[in-house]
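Following: one structure in structure tokens, then a few remarks.
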Amino acid sequence: PSHLVLYSIRWYLFRIMMGAGLIKIRSSDKKWKWPHFSTMDYFYETQPVPNPLTRYFHWMPKWWHKFEVLSNHFVELIAPWLLLLPITSWRRLGGWIQVVFQGVLIS
């Protein structure tokens, strides 16, 4: 594929992930913001398609749920910038971060 096509795909992925992160930060929901980071305390009770491990994740300690929120912010607000860098190894790292994140979401 041409450089224009590849860059367009990277730009599209960047916009999707950045948009997902910004909508959480810009929302009025304090659970996504400092110092609360408590969204995951409630997520497992209300997720639309729970899996067999949901019950166990729900009972994880608060520090784990804060880590989950901070990881989400990293993947959606910082890692997308890697996709746009001119250094191939950084772009690959950014791509793998997104692939692993989506894999976790799907499982």
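Values in this document were obtained by computation on a predicted structure and should not be read as measured data.
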Point to revise | ILVMFWY clustering at 4.5 Å (side-chain atoms), partners of Ile23 | key: none
Point to revise | Reported CD-to-OH distance for the pair Glu45 and Tyr42, which is rounded to 0.5 angstrom | key: 8.0 Å
**Study point:** Spacing of Met17 atom CE and Leu82 atom CG [to the nearest 0.5 Å]
**Key:** 12.0 Å
For residues 89-102, please give each side-chain donor-acceptor pair under 3.5 Å, one per line with the distance, not counting sequence neighbours.
from: Arg91; atom 1: NH1; to: Leu85; atom 2: O; distance (Å): 3.1
from: Arg91; atom 1: NH1; to: Pro86; atom 2: O; distance (Å): 3.2
from: Arg91; atom 1: NH2; to: Thr88; atom 2: OG1; distance (Å): 3.3
from: Gln98; atom 1: NE2; to: Val75; atom 2: O; distance (Å): 3.2

Practice item. Establish whether Leu70 and Trp34 are linked, either directly or via other cluster members, by ILVMFWY side-chain heavy-atom contacts under 4.5 Å. Key: yes
Check your understanding: Do Phe74 and Leu105 belong to the same hydrophobic cluster, where Ile, Leu, Val, Met, Phe, Trp and Tyr are linked whenever their side-chain heavy atoms lie under 4.5 Å apart, directly or via other members?
Key -> yes
Point to revise | Partners meeting side-chain contact (heavy atoms from CB on, under 4.5 Å) with Pro1 (sequence neighbours left out) | key: Val5, Leu6
Check your understanding: Residues two or more places apart in sequence or in another chain: which of them pass side-chain contact (heavy atoms from CB on, under 4.5 Å) with Ile25?
Key -> His73, Leu77
Practice item. Return yes if some donor-acceptor pair links the side-chain N/O of Asn51 with the main-chain N/O of Thr54 below 3.5 Å, else return no. Key: yes
Exercise for review: Sequence neighbours left out, what pairs pass salt bridge (Lys or Arg N to Asp or Glu O under 4.0 Å) with at least one residue falling in residues 97-106?
Suggested key: none
Point to revise | Pairs satisfying salt bridge (Lys or Arg N to Asp or Glu O under 4.0 Å), at least one member in residues 75-88, at least two apart | key: Lys24-Glu76
**Study point:** Any side-chain heavy-atom pair of Trp32 and Asp29 under 4.5 Å
**Key:** yes
Practice item. Not counting sequence neighbours, list each pair that qualifies as a side-chain hydrogen bond (donor to acceptor under 3.5 Å, both in side chains) and has a residue in residues 59-71. Key: Asp41-Lys62, Tyr44-Glu68, Trp64-Glu68, His65-Glu68
Check your understanding: Cation over ring, Lys31 on Phe37, under 6.0 Å and within 45°?
Key -> no
Contacts under 3.5 angstrom, residues 9-16 side chains, donor-acceptor by atom type, not counting sequence neighbours:
none

Check your understanding: Which residues satisfy the salt bridge (charged side-chain N to carboxylate O under 4.0 Å, His left out) test with Lys30, sequence neighbours excluded?
Key -> none
